[in-house]
Amino acid sequence: MATFSQPTIEKGSDMVLDFLCSTCEEKKLEESADYYCESCVKFFCGKCIDMHSQLFTQHSPHGRGDMKKWPVAKKMEDFLLKCDVHKEENNDMFCEDHSQLCCNKCAILNHRTCKRVILLSDLVKSTPTDLKQVSVTIQTTLAKLKELQENQEDSIQSLLSSYDEQLHKIQENRKKIIAALNKLEQKAMQELKDTLTKLQAPLDRDIDKCSTLQDELKQLGEAIHDIGDKNKQELSLIASIKCKDKIQQFEKYQKENFVEVKSSISFQPNNEIVEYLSKLSGLGMTMTVMQNPDKVIRMGRKSEYDVRTEGELKCSIRDIRVLSSGQVLVVDLFNNKVKLLSQTYQVVSHCSVSDELNYEPMSICQITPSEFGIAVSPKSERGDVDLAPSKILFIKVNNSQLVKDRILKFQHYCNSIVYQKGDLFVTSCNALFKYKLRGTCTLVSKLHEDKSDKRTVARCAVSPTGDKLYITNPDQHKLLTLAKDGSILATFMDPAVKWLTGLHVTPAGQVLVCGADSKNIIQVDSKGSMKLATLATGRDGVECPHSVCYNRITNSIIVGQWEHKKILVYKVK
């Protein structure tokens, strides 16, 4: 009987059979088999099959197109038969108590007390096997495993992203500490220098006085020596009087000004600083935050902050982003500006985002800790959408100042933009596009499109793991949840939520939606299928909400309103 060839197995992939020609193997050659003869129980390559067909005209070999009639490869047979625990043993029994295959060793070690351990040879007689159904089950399970793996990989990316963000926060905290220490050092050095100046000034004056008197007395001495034997009585008298005067000046100055005690400078360090730092266990505390996307947010006390700049009557805050520093960027559509707010929500910098009167800022997304993209699009009214080309203006935050950078142009209207892990999601009024952002933008695909109304794809948000996309359909008062490929997972509608505008997903995955016409803010479950809670209404000060954002630095919810003077900030309980 011929020896069947071994299949090759690629790690992490399906098993691929590679049968070798039996005749060539006898000659110690490795040649892939193209035929199998049931009568000979041998494999043949393309060359050897010709000789076989001449010798055995009655045999009917099966080619690779008919591999169902080929035998099971020994490697495949061993893969199925061998015990997973005891590799040298074959599975020849089945324990019904544990629903496990087992070899003789397994039966002795683990199934000695089991009541129903049956020989496979007996079990196969009474157990029909539907391999087609098993194959379907395998494919279904593989799909679930792949989805689970992708979700966990997304979770790792989210974890790494939070790690990078917290690492940046640690570095920023260290910079603040170093800056404070530098300030203390500069103050101490200035005090030391001031003390030196104060102590050195009188000494310098004494040295200058001594030097002057020395020069004058030396000159008088030389004059006396010159006229001493020349019988110049008048000059001698003058010289004598001057010498006496200079000596009296010295004696008086010495008595009144000279201090014999030598001074020195000593610095006494503030040891409390070192002692305090040495007692600290670290720069802060690292905590594991278990994210629950369906944990209901509870709103607390409300504060209001005026975000107008000089000469402005009102604002329309259409989008909000919180920086890792705690500063806040807002898009003011009414005044055609992007404004940088301090941690206490005071305007510290602002800039116009378009030099064209018919263009206005629509949305903002964070690219890096200091770089942001602003969607700038043609002006339009609610019922009259202009689909003219738009652009994205990149702005950098540098030392609490906004600096304009590069511009990317698009051939479609840009209503909302979201950036995550190299992907840029852009909504027009009827479609959602996915781009790759690497310096320039490359269109990957159109994930979703709905032309049933004027504004069916307005705002967009992405879950922290990137497995879900949320888009608002204001004309039809809907929130859609999409999979990464754009397929619709859920559709949410609530009669109490009208004209969905602001949309935000917190770092924990909580979904917040604004109803502009219904004057409320709601929280939707992470699946996008049901309302979890109404967070704020007109009774809480909400008038016409158009943007919402969670500030995890202050644990608060920021709400931007349409044509209003102030933003609302609710403390989260």
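Hydrogens, waters and symmetry mates play no part in the numbers below; they use all other heavy atoms, side chains included. Residue numbers run from 1 in the order of the sequence given.
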Legend entry - CA sep, side-chain torsions, deciding dist, call: Leu341, Ile567, side-chain contact (heavy atoms from CB on, under 4.5 Å): CA-CA 11 Å; Leu341 312 182; Ile567 59 171; 4.0 Å; yes
Legend entry - Verdict with supporting geometry, Leu447 and Phe425, side-chain contact (heavy atoms from CB on, under 4.5 Å): CA-CA 9 Å; Leu447 292 175; Phe425 299 95; 3.8 Å; yes
Legend entry - Chi angles and distances behind the salt bridge (charged side-chain N to carboxylate O under 4.0 Å, His left out) call for Glu147, Lys144: CA-CA 5 Å; Glu147 182 181 1; Lys144 291 180 179 178; over 6 Å; no
Inset, instruction - Go through the steps to decide whether Ile558 and Leu568 satisfy the test side-chain contact (heavy atoms from CB on, under 4.5 Å), and finish with yes or no. - result: CA-CA 6 Å; Ile558 309 170; Leu568 307 177; over 6 Å; no
Inset, instruction - Start with the C-alpha gap between Glu150 and Lys146, add the side-chain angles, then the distance that decides, and say whether side-chain contact (heavy atoms from CB on, under 4.5 Å) holds. - result: CA-CA 6 Å; Glu150 289 177 349; Lys146 184 179 179 182; 3.3 Å; yes
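Val322 places a side-chain heavy atom less than 4.5 Å from the side chain of Cys549. A 4.5 Å side-chain heavy-atom check between Arg174 and Ile178 finds at least one atom pair inside the cut-off. Annotation: side chain of Arg459 is in contact with side chain of Arg318 (closest heavy-atom distance under 4.5 Å). Between Val353 and Asn336 the shortest side-chain heavy-atom distance falls below 4.5 Å. Contact of the Leu479 side chain with the Val497 side chain is not registered, since no non-hydrogen atoms from C-beta on lie closer than 4.5 Å. Val307 places none of its side-chain heavy atoms less than 4.5 Å from the side chain of Tyr345. Phe372 has its side chain out of reach of Val338: every pair of non-hydrogen atoms, C-beta onward, lies at least 4.5 Å apart. Looking only at side-chain heavy atoms (C-beta outward), Lys115 and Asp97 come within less than 4.5 Å of each other.
Counting all heavy atoms, side chain and backbone alike, Asn173 lies closest to Leu283 at ND2-O, 3.4 Å. The shortest non-hydrogen separation linking Pro293 to Ser526 is CB-CB, 3.6 Å. Counting all heavy atoms, side chain and backbone alike, Ile553 lies closest to Leu323 at CG1-O, 4.2 Å. Listed here is the closest heavy atom pair of Val542 and Ala536: CG2-CB, 3.8 Å. Counting all heavy atoms, side chain and backbone alike, Val426 lies closest to Cys414 at CG1-SG, 3.7 Å. Closest non-hydrogen pair, Gln476 versus Ser452, comes out as NE2-OG, 2.8 Å.
Within a 6.0 Å radius of NZ in Lys82, other residues, nucleotides and ligands contribute more than 12 heavy atoms. Within 6.0 Å of NZ in Lys396 there are 12 or fewer heavy atoms belonging to other residues, nucleotides or ligands. Residue-environment remark: NZ (Lys519) stays at or below the threshold of 12 foreign heavy atoms within 6.0 Å.
Checked against Leu512 for a side-chain contact (heavy atoms from CB on, under 4.5 Å), the options Val505, Ile557, Val559 give a single hit: Ile557. Only one option out of Leu480, Asn430, Asn473 pairs with Asp450 in a side-chain contact (heavy atoms from CB on, under 4.5 Å); it is Asn473.
Under a 3.5 Å cut-off, the side chain of Asp494 and the backbone N or O of Ala496 do form a donor-acceptor pair. Here the side chain of Ser135 pairs no donor or acceptor atom with the backbone of Lys132 at under 3.5 angstrom. Listed for the Ser363 side chain is a donor-acceptor partner under 3.5 Å among the backbone atoms of Ile417. No donor-acceptor pair under 3.5 Å is formed between the side chain of His564 and the backbone N or O of Cys544. In this structure, Asp319 contributes its side chain and Ile364 its backbone to a donor-acceptor pair below 3.5 Å. Of the possible polar contacts, one joining the Gln523 side chain to the Lys295 backbone as a donor-acceptor pair under 3.5 Å is found. Ser428 places no side-chain N or O within 3.5 Å of a backbone atom of Tyr413 that could act as its donor or acceptor partner. Under a 3.5 Å cut-off, the side chain of Ser556 and the backbone N or O of Val569 do not form any donor-acceptor pair. Here the side chain of Ser316 pairs no donor or acceptor atom with the backbone of Leu333 at under 3.5 angstrom. Using a distance-only test at 3.5 Å, with no hydrogens or angles considered, no donor-acceptor pair links the side chain of Asp453 to the main chain of Arg455.
Salt bridge present: Asp306 and Arg308 bring a charged side-chain N and a carboxylate O closer than 4.0 Å. The residues Lys379 and Glu360 are annotated as not salt-bridged, no charged nitrogen and carboxylate oxygen being separated by less than 4.0 angstrom.
The closest side-chain donor-acceptor pair between Ser400 and Gln327 falls under 3.5 angstrom. Asn415 and Thr427 share no donor-acceptor pair across their side chains, judged by distance under 3.5 Å alone. Judged by distance alone, the side chains of Asp475 and Thr456 never bring a donor and an acceptor atom under 3.5 Å apart.
Residue Arg406 holds its CZ atom at 10.5 Å from CG of Leu393, rounded to the nearest 0.5 Å. Between the CG atom in Asp467 and the CG atom in Leu482 there is a gap of 12.0 Å [rounded to 0.5 Å]. For the atom pair CZ of Phe492 and NZ of Lys527, the computed distance is 15.0 Å after rounding to the nearest 0.5 Å. With rounding to the nearest 0.5 Å, the separation of NZ in Lys434 from SG in Cys460 is 11.5 Å. Considering NZ of Lys571 and CG of Asn551, their distance stands at 8.5 Å, rounded to 0.5 Å. Distance SG/Cys114 to NE2/His98: 4.5 Å, rounded to 0.5 Å.
Qualifying side-chain hydrogen bond (donor to acceptor under 3.5 Å, both in side chains) partners for Lys337, counting only residues two or more places apart in sequence or in other chains: Thr309, Glu312. Checked against side-chain hydrogen bond (donor to acceptor under 3.5 Å, both in side chains), Asp405 has no partners two or more places apart in sequence or in another chain. The side-chain hydrogen bond (donor to acceptor under 3.5 Å, both in side chains) search around Lys169 returns Gln166, not counting sequence neighbours. With sequence neighbours left out, Gln152 forms a side-chain hydrogen bond (donor to acceptor under 3.5 Å, both in side chains) with no residue at all.
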Which pairs of donor and acceptor atoms, one on a side chain in residues 435-442, lie under 3.5 Å apart (sequence neighbours left out)?
{"unit_1": "Tyr435", "atom_1": "OH", "unit_2": "His412", "atom_2": "NE2", "d": "2.7"}
{"unit_1": "Lys436", "atom_1": "NZ", "unit_2": "Asp423", "atom_2": "OD1", "d": "2.7"}

Donor-acceptor contacts, no H, no angles, side chain residues 297-305, under 3.5 Å, sequence neighbours left out:
{"unit_1": "Lys302", "atom_1": "NZ", "unit_2": "Glu304", "atom_2": "OE2", "d": "3.3"}

